[in-house]
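Everything below concerns the one structure shown next.
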Amino acid sequence: MKPDYDFKGIEQKWQEIWETQRVHEAVDFGVKPKFFGLIEFPYPSGSGLHMGHLRAFTSLEIVSRKRRLEGYNVLFPIGFDAFGLPTENYAMQTGRHPRSVTDDNIKTFTSQLKALGYSFDYSRVVDTTDKDYYKWTQWIFVQLFKKGLAYKSTAYVNYCEKCKVILANEESQGGVCDRCGSDVIQKEKDVWFLKIRDYAESLLDGLEGLDYLPRIKTEQINWIGKSEGAEIDFAVKGGKPGQKLRVFTTRADTLFGVTFMVVAPEHPIIAENAGFISNLRQLEDYRAETRKKNEFERAHVNKDKTGVKIQGLTAVNPINGLEIPIFIADYVTPDYGTGAVMAVPAHDTRDYEFAKKFDLPIVEVIAGGDISREAYTDIQNGVMVNSGFLNGLSVKEAGKAVVGKLTADGIGCKKINYNMKDWAFNRQRYWGEPIPIIYCPKCGAVPVPEADLPVVLPPLDRYRQSETGESPLAGVSDFVNCKCPVCGADAKRETDTMPQWAGSSWYYLRYIDPKNPNALADYEKLKYFGPVDWYNGGMEHVTRHLIYSRFWNQFLYDIGVVPFREPYKKRTAQGLILGEDGAKMSKSLGNVVSPDSLVRDFGADVIRLYTMFIGDYESSIPWSNAGIIGCRRFIERVYNLLDIADLSQDSISQKREGAVNRLIKKVSEDIECLKFNTAIAAMMTFLNEVTSENAITKGELRILLLLLYPFAPHISEEINELLGYSTILAKSDYPKYDPSKLTDAEIELPVQINGRLKGTVRVAAEASLDEVKAAVRANPALSALLSGNAVKKEIYVPKKILNLII
RNA sequence: GCCGAGGUGGCGGAAUGGCAGACGCAAAGGACUUAAAAUCCUUCGGGGGCAACCCCGUACCGGUUCGAGUCCGGUCCCCGGCACCA
């Protein structure tokens with residue numbers, strides 16, 4: 001007799017055995033083929049693991065365990081993305097140092113992960129807030145700086161005048177300060193940027209060979225936002241001599257239809273020609289209004305077109321010499337294209353609205369629409385009109401002709417633009433990697449010499465920004481004051497820190513060589529383990545995080561530090577787990593389900609299994625406690641198979657050959673394409689079959705255990721041991737199926753008459769049409785339906801269907 | 001507005017163009033029990049019929065096909081992402 005199912009004891013026992021035997025540690029330069037499985041490392045928040053982590057981690061946990069049985073040297077690491085706002089805010093409220101808060105949280109996370117039996121290689125844990133780690137984050141920044149890919153410029157940041165702090169976007173949602181509720185304004189600030197735009201084309205190209213889910217590729221392509229068009233110079237009258245206004249357009253074909261110009265309120269043409277403009281005050285007022293709006297409002301709330309005409313300046317259309325007015329309007333943004341557009345109201349919806357509002361002329365240059373009602377924007381159809389030498393051409397031909405002429409005249413050229421903005425890279429926060437730059441009055445911004453890295457975060461009494469919005473580090477004079485590494489003069493350190501995206505942009509590399517003091521990772525080890533074979537995470541990270549880290553990897557490849565250009569061969573994404581009420585799980589809604597209590601009540605195996613069984617892996621799904629019991633029953637019933645198993649039979653019984661082979665195929669293939677729910681369902685079906693027949697051989701049971709092992713490893717190991725096997729499953733081989741034994745000799749073939757199902761006949765799987773027809777005649781019900789009717793047509797798809805048309 | 005993914009029982013969900021609803025939950029009935037829990041058995045999309053069986057059914061309208069949840073055209077609705085991108 002076997003003991004009762006004591007999941008607590010069993011799970012602890014096997015976790016210890018695996019740890020002692022070190023079965024989950026990856027071997028540097030191992031002889032087996034390597035597999036690098038990566039999950040997005042968690043932010044160690046104070047509330048511990050949540051259900052989303054379980055769903056995200058369990059999938060690749062299953063794949064990783066399967067790969068080990070398949071003979072791979074598996075690197076399945078874990079770490080912590082521990083810099084960030086919540087910890088800093090918590091530290092501010094409680095007076096505790098973020099370091100000790102982080103350490104505690106990491107401890108909690110680690111024990112939770114271990115209790116779930118995840119087979120991470122805990123000997124390679126990475127913590128982005130460890131100075132031995134962020135030394136290399138800083139080192140990468142220095143390399144970017146040296147290659148001219150990090151630069152300083154001004155930009156607008158969210159600022160609360162009452163709290164006197166700069167706010168992150170998530171702290172200023174809806175244009176209101178998170179802390180005090182007052183309005184957030186846009187304040188001009190020095191900002192560090194990384195030139196990710198220089199890598200736009202490369203990031204686009206690189207996608208081609210990658211095995212990312214199609215929707216993930218699409219999101220990245222949209223995010224990069226490549227558009228091909230032309231830049232055109234318009235001469236400006238009334239301003240400085242030789243003043244020009246350069247625009248970007250994708251519709252050079254419509255140049256004859258330009259009736260006015262619009263520039264962003266921030267456009268430099270205003271300051272540069274201030275002396276020639278008569279309504280400067282009015283323009284500045286409008287600009288000030290614009291600045292009050294954050295990006296959200298500018299894009300969403302302000303659907304109504306507004307703007308102000310620049311009095312004193314006009315532009316000249318280079319194609320027809322027409323003199324046209326110039327406006328400023330906030331629908332034109334300063335950081336896309338040239339911050340100036342040529343307005344073609346007849347063929348652009350926004351320009352159309354603006355022209356209507358300001359009563360500007362609308363000139364049709366493409367026939368086919370009704371411009372008295374709306375802008376005509378179809379570029380596929382339509383013929384050029386009112387366009388001089390372009391008349392009669394198609395839109396495409398006209399575009400080419402215009403760009404050709406402008407290029408010849410030296411006032412325009414082809415141009416590609418990207419929607420993706422450069423990466424704003426500094427934060428006025430304490431709990432982040434200090435940006436390793438020193439400002440020297442003589443030498444300017446100088447990178448900290450590599451030998452002096454890391455620039456360590458000093459201890460602090462208070463974590464608040466200064467009244468001017470400077471980082472808390474600005475108040476630490478020992479930190480700020482230093483010598484210029486170039487000339488030795490008195491200098492000051494940069495006091496801003498990096499965004500949370502920094503540490504997570506290269507962590508997968510550090511897993512390969514986590515303790516290396518001389519390089520971010522050894523080149524040969526990178527060659528062996530890299531790139532990541534399979535990366536799984538949330539859809540919310542497939543643009544920013546995934547693009548940022550691809551950018552860094554491509555850069556590190558370009559400077560010869562990393563031996564592969566693309567970091568992730570394959571990327572998948574799980575759906576959200578919602579609260580039982582169908583809303584996003586959140587503390588404020590009180591619908592959060594804690595993995596801790598579930599593991600306590602049901603055990604890790606049941607929870608892991610249920611998390612994968614609950615539904616389609618890629619869809620959002622409401623959590624339901626009610627369903628867990630089904631997985632608990634399943635596991636107990638598998639355990640109870642010990643009572644009926646025929647221990648004398650190591651082989652697979654003749655009658656079960658088809659079922660066992662199909663099961664192996666189904667489970668192993670479903671795991672590879674994220675269909676965990678149907679893999680589990682197949683095992684349940686198999687279990688139902690053997691229990692209803694009350695028979696299973698020892699050999700059949702072991703195969704079931706090997707298939708179940710990646711999902712529910714503890715109980716599988718336990719049953720395997722009770723069966724008397726001396727090799728633990730963790731060191732066993734994954735079962736293979738025999739393709740020739742997938743179908744049973746006899747099948748139930750559905751029979752349709754006139755396309756409607758009328759019954760089934762039992763025939764050999766490879767039966768001929770004549771044999772099937774004989775079986776139909778032998779079936780009383782079917783032959784009765786056919787009697788007296790001539791069969792006009794017979795459709796027979798072997799193993800699928802017989803359809804008789806009468 | 002654009003891009004993407006969807007719409008199937010009371011619920012979560014299955015279904016290379018070939019028996020719609022696998023598997024699980026919930027529910028109902030029964031067995032066991034002094035009783036309950038657990039477990040086991042049965043039923044479980046809707047309608048009709050004493051019954052064998054018949055009819056309807058995968059958001060809606062139409063099409064292709066021997067055969068459509070699946071393919072094509074159109075409509076509606078939900079979800080995710082991006083958004084005045086010139």
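Remember, predicted model here, so these are calculated numbers, not experimental data.
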#### Entry: Separation of the P atoms in B:rA52 and B:rU43, to the nearest angstrom
14 Å

### Query
So, A:Thr678 versus A:Asp670: side-chain donor-acceptor pair below 3.5 Å or not?
yes

### Message
Looking at B:rC56, I'd like to know if its phosphate oxygens (OP1 or OP2) sit under 4.0 Å from a side-chain N or O belonging to A:Arg756.
### Response
yes

### Message
Main chain of A:Asp348, side chain of A:Thr377: is a donor-acceptor contact present, judged purely on distance under 3.5 Å?
### Response
no

### Interatomic distance, A:Ile801 CD1 vs B:rU70 P [rounded to whole Å]
16 Å

### Message
Under 4.0 Å, heavy atoms only, any strand: does A:Met684 hit a base, just the sugar-phosphate, or nothing?
### Response
sugar-phosphate

### Message
Would A:Arg571 and A:Tyr535 count as a cation-pi pair here, with the cationic atom under 6.0 angstrom from the ring centre and within 45° of the axis?
### Response
yes

### Task
For the residue pair A:Tyr331 and A:Phe354, categorise the inter-ring angle as parallel (less than 30°), tilted (30 to 60°) or perpendicular (more than 60°).
tilted

### Query
With a non-hydrogen cut-off below 4.0 angstrom, is A:Ile795 in contact with a base, only sugar-phosphate, or nothing?
base

### Query
Is B:rA59 paired to anything, Watson-Crick or G-U wobble with both distances less than 3.5 Å, and if yes, which nucleotide?
B:rU75

### Message
Going by purine N1 to pyrimidine N3 plus the second Watson-Crick contact, or the G-U wobble pair, all under 3.5 Å, which nucleotide sits opposite B:rC19?
### Response
none

### Message
Of the options B:rC55, B:rG13, B:rG81, whose atoms approach the side-chain atoms of A:Ile621 most closely?
### Response
B:rG13

#### Entry: Partner nucleotide of B:rU39 by Watson-Crick or wobble geometry (both distances under 3.5 Å)
B:rA31

### Query
Looking at the angle O4'-C1'-N9-C4 for a purine or O4'-C1'-N1-C2 for a pyrimidine, is B:rG9 syn or anti, with syn meaning within 90° of 0?
syn

### Query
Which nucleotide, B:rG24, B:rC66, B:rG18, lies nearest any side-chain atom of A:Phe613?
B:rG24

### Message
Taking B:rU16 as the reference, what is the distance to B:rG6 when you measure between their P atoms (whole Å, please)?
### Response
14 Å

### Task
Please check if the side chain of A:Ser387 supplies one atom and the backbone of A:Met384 the other of a donor-acceptor pair under 3.5 Å.
no

### Query
Looking at the side chain of A:Thr333, which of B:rC23, B:rU16, B:rA86 is the nearest nucleotide?
B:rA86

### Task
Using the C1' atoms only, state how far B:rG10 lies from B:rG45, rounded to an integer number of Å.
11 Å

### Message
So if I take every side-chain heavy atom of A:Tyr336 and compare against B:rA86, B:rG18, B:rG4, which nucleotide ends up nearest?
### Response
B:rA86

### Summary
Whole-Å distance, A:Asp616 CG to B:rA15 C1', equals 13 Å

### Message
On RNA chain B, compare the nucleotides closest to A:Gly225 and A:Thr543; which residue's is nearer the 5' end?
### Response
A:Thr543

### Query
Which nucleotide, B:rA86, B:rG12, B:rG13, lies nearest any side-chain atom of A:Ser227?
B:rA86

### N/O (side chain, A:Arg350) to phosphate O (OP1/OP2, B:rA86) under 4.0 Å
no

### Rounded interatomic separation in angstrom, taking NZ from A:Lys421 and P from B:rA86
12 Å

### Task
Under 4.0 Å between any heavy atoms, over every strand shown, what does A:Asn222 touch: base, sugar-phosphate, or nothing? Just pick one.
sugar-phosphate

### Query
Does the side chain of A:Thr338 get closer than 4.0 angstrom to OP1 or OP2 of B:rA86 through an N or O atom?
no

### Task
Return the value, rounded to whole Å, for the distance between atom CD of A:Gln220 and atom P of B:rC3.
19 Å

### Side chain A:Gln752 and base B:rG18 donor-acceptor under 3.5 Å
yes

### Task
Could you work out the separation of B:rC11 and B:rG17 based on their P atoms and round it to a whole Å?
27 Å

### Query
What's the closest nucleotide to the A:Thr249 side chain, out of B:rG12, B:rA86, B:rC3?
B:rA86

### Query
Starting at OH of A:Tyr610 and ending at C1' of B:rG24, how long is that distance when rounded to a whole Å?
8 Å

### Task
Identify which nucleotide among B:rC84, B:rC19, B:rG18 has an atom closest to any side-chain atom of A:Asp330, counting heavy atoms from C-beta outward.
B:rC84

### Query
Nearest to the side chain of A:Lys675 - B:rC40, B:rC84, B:rA15?
B:rA15

### Message
Measuring only the C1' atom in each nucleotide, how far is B:rG69 from B:rG29? A whole number of Å is fine.
### Response
33 Å

### Query
Please give, in whole Å, the distance from B:rG12 C1' to A:Tyr617 OH?
17 Å

### Query
Got a donor-acceptor contact below 3.5 angstrom from the A:Asp351 side chain to the A:Val344 backbone?
yes

### Query
Got A:Leu641 and A:Leu687 here, is their nearest side-chain heavy-atom distance under 4.5 Å?
yes

### Task
Answer with base, sugar-phosphate or nothing: what part of the nucleic acid does A:Thr218 contact at a heavy-atom distance below 4.0 Å?
sugar-phosphate

### Summary
The Watson-Crick or G-U wobble partner of B:rA52, with both key distances under 3.5 Å, is none

### Query
Paired with B:rU65: which nucleotide, if any, by Watson-Crick or G-U wobble criteria at under 3.5 Å for both distances?
none

### Query
Looking only at side-chain N and O atoms, does A:Arg633 come under 4.0 Å of OP1 or OP2 in B:rC25?
yes

### Task
For A:Ile629, answer base if it contacts any base atom (sugar-phosphate contacts may also be present), sugar-phosphate if it contacts only those atoms, and nothing otherwise; contact means non-hydrogen atoms under 4.0 Å.
sugar-phosphate

### Task
Looking at every strand, decide which applies to A:Asp351 at a 4.0 Å heavy-atom threshold: base, sugar-phosphate, or nothing.
nothing

#### Entry: Interatomic distance where CG belongs to A:Leu704 and P belongs to B:rC23 [whole Å]
16 Å

### Query
Taking the same atom, C1', in B:rG47 and in B:rC3, what whole-Å distance lies between them?
43 Å

### Task
Compare side-chain N and O positions of A:Arg632 against OP1 and OP2 of B:rG24 and report whether any pair is under 4.0 Å apart.
no

### Message
Is A:Asn677 close enough to B:rA14 that one of its side-chain N or O atoms is under 4.0 Å from OP1 or OP2 there?
### Response
yes

### Query
Nearest-Å distance, CD1 (A:Ile635) to C1' (B:rG24)?
14 Å

### Summary
Closest to the 5' end of RNA chain B, once A:Pro622 and A:Gly630 are matched to their nearest nucleotides, is A:Pro622

### Summary
For B:rC25, the nucleotide meeting Watson-Crick or G-U wobble distances (both under 3.5 Å) is B:rG10

### Query
Do the side-chain N or O atoms of A:Lys758 get closer than 4.0 angstrom to the phosphate oxygens (OP1, OP2) of B:rC54?
yes

### Closest to the A:Asn803 side chain, choosing from B:rC19, B:rC23, B:rC66
B:rC66

### Short side-chain to backbone donor-acceptor contact, A:Lys217 and A:Leu207, under 3.5 Å
yes

### Message
Please report the distance separating the C1' of B:rG7 from the corresponding atom of B:rU58, rounded so that it comes out in whole Å.
### Response
9 Å

### Message
Salt bridge or not between A:Lys570 and A:Glu672? Use side-chain N to carboxylate O under 4.0 Å.
### Response
no

### Message
Quick check with a 6.0 Å cut-off and a 45 degree axis cone: is A:Lys415 positioned over the face of A:Phe248's six-membered ring?
### Response
no

#### Entry: Nearest-nucleotide pick for A:Thr678, side chain only, options being B:rC66, B:rA15, B:rC25
B:rA15

### Message
Give me the distance, rounded to whole Å, that separates B:rA15 from B:rC85 when you measure between the C1' atoms they each carry.
### Response
43 Å

